[in-house]
There are 2 protein chains.
Amino acid sequence: MQEGCTVNLTVKYIARKWTMLILLELYKGEGHVRRFSELKSCLGEITQKVLSARLRELEKEGLIENRVDKTTFPVKSEYILTESGLEIINIIKDMKRWALKWKISNIECGCQDCSQCVL
Amino acid sequence: MQEGCTVNLTVKYIARKWTMLILLELYKGEGHVRRFSELKSCLGEITQKVLSARLRELEKEGLIENRVDKTTFPVKSEYILTESGLEIINIIKDMKRWALKWKISNIECGCQDCSQCVL
DNA sequence: GATACCATGCAGGAAGGATGCACCGTAAAC
DNA sequence: GTTTACGGTGCATCCTTCCTGCATGGTATC
């Protein structure tokens, strides 16, 4: 493996702030779909600009797809997990299993009810 | 899931430059062990300082262990993958399978003989 | 004193991310 | 005709994190 290898690059953008949160929000959505504005409000502190940038990135990498419905009143822009994206979610789930096994005492997780986390 | 969640934090330090390469070098070593100086020369361009920092980090996170042999001539410092570290390697392998499935055309990987990559 | 091995401290610079503001297009509602 | 909701883009600035290079430190053997 090298720096620049696909695995390396993938891990790198997954690790960027907001990326996993966005993937998870899509995963939670009905049919793994969410609108731009839904994501915006779910994620709270994220700015439009950053959200837009992350979505572009994930789209470019093929983890999500963008479906724009121009027939509706204000434009409706939906994002949906692709098959590839769903498989990444599974890998993230493996990471969670690992974390629960080896890092039980984690404070942030400890504060939350892990059963509420979809992962 | 939140920022600050174990999964998030883990992905974050795994994504840091050199971290995966170091884990892989340990994985390749006999008994999953490597000396500081071996890692240094395997990884080529890494500086002692960064290598040292990454190893500290991985040790703190429980993915590797440090065994120092002070009885020898110059000190001998060995690093070994823990059980937890080995399981992370498996997750990274899953990522590779995913990458091979969805990102076949990756240039960097294409230049190399993937069969030579231990992942 | 030179060398091998392992490591840390400081300083500079690049990259990533947050923030603020302005701006585009559409179409419905007022 | 102006405002509003929706989904964006472009530019500029700031701050923090990360990476790198260079110097320095300890120890113990030769």
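Both backbone and side-chain heavy atoms feed into the values below; hydrogens, waters and symmetry mates do not. Values in this document were obtained by computation on a predicted structure and should not be read as measured data. Chain letters run A, B, ... following the sequence lines, proteins first, then strands; residues in each count from 1.
In this entry the distance linking NZ of B:K40 with P of C:dA4 reads 14 Å, nearest Å. A:L43 has its CG atom 15 Å from the C1' atom of C:dA18, to the nearest Å. Here C:dA7 presents its P atom at 8 Å from CG of B:L55, a figure rounded to the nearest Å. Per the geometry, CG belonging to A:L9 stands 15 Å off C1' belonging to C:dA15, to the nearest Å. Atoms CD1 (B:I22) and P (D:dC19) sit 10 Å apart, rounded to a whole Å. Nucleotide C:dA7 holds its P atom 15 Å from the CD atom of B:E57, rounded to whole Å. Spacing between atom CD1 of A:I46 and atom C1' of D:dG8 amounts to 14 Å, rounded to whole angstrom units. Note: NZ (B:K12) to P (D:dT16) measures 17 Å, nearest angstrom.
Under the 3.5 Å distance criterion, with hydrogens and angles disregarded, no donor-acceptor pair is assigned to the side chains of A:E61 and B:W102.
At least one side-chain nitrogen or oxygen of A:W18 sits closer than 4.0 Å to the OP1 or OP2 atom of C:dA18. Side-chain N/O atoms of A:S77 include none lying less than 4.0 angstrom from OP1 or OP2 on D:dC6. Contact annotation: A:R35 does not reach the phosphate of D:dC6 (side-chain N/O to OP1 or OP2, under 4.0 Å). Between D:dA5 and A:S37, no contact under 4.0 Å exists linking OP1 or OP2 to a side-chain N or O.
Take the nearest nucleotide of DNA chain C for B:N66 and for A:K17: the residue whose nucleotide is more 5' is B:N66.
In the hydrophobic clustering of ILVMFWY residues, with side-chain heavy atoms under 4.5 Å counting as a link, A:Y79 and A:L43 come out together. A:V68 and A:F36 end up in different hydrophobic clusters when Ile, Leu, Val, Met, Phe, Trp and Tyr side chains are linked at under 4.5 Å.
Of the candidate nucleotides C:dC5, C:dG17, D:dG7, C:dG17 has the atom nearest to the side chain of A:R54. Among the nucleotides D:dC19, C:dA7, D:dG7, the one closest to any side-chain atom of B:R16 is D:dC19. Set against C:dC5, C:dA7, C:dG17, the side chain of B:F36 has C:dA7 as its closest nucleotide.
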Are there any protein N/O atoms within less than 3.5 Å of an N/O atom in nucleotides 19-28 of chain C, and if so, which ones and at what distance?
from: C:dT19; atom 1: O4; to: A:K49; atom 2: NZ; distance (Å): 3.1

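The ring pair (Phe, Tyr, Trp, His ring centres under 6.0 Å) search around B:Y27 returns B:H32, not counting sequence neighbours.
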>> Would A:E38 and A:E25 count as a side chain to side chain contact (heavy atoms under 4.5 Å, CB included) here? Give the steps.
In response: CA-CA 9 Å; A:E38 288 176 323; A:E25 279 308 319; over 6 Å; no
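Residues A:I22 and A:L58 form a side-chain contact, since some pair of their non-hydrogen atoms from C-beta on lies under 4.5 Å apart. Annotation: side chain of A:E83 is not in contact with side chain of A:L86 (no heavy-atom distance under 4.5 Å).
The residue A:Y13 sits apart from the nucleic acid: no heavy atom pair falls under 4.0 Å.
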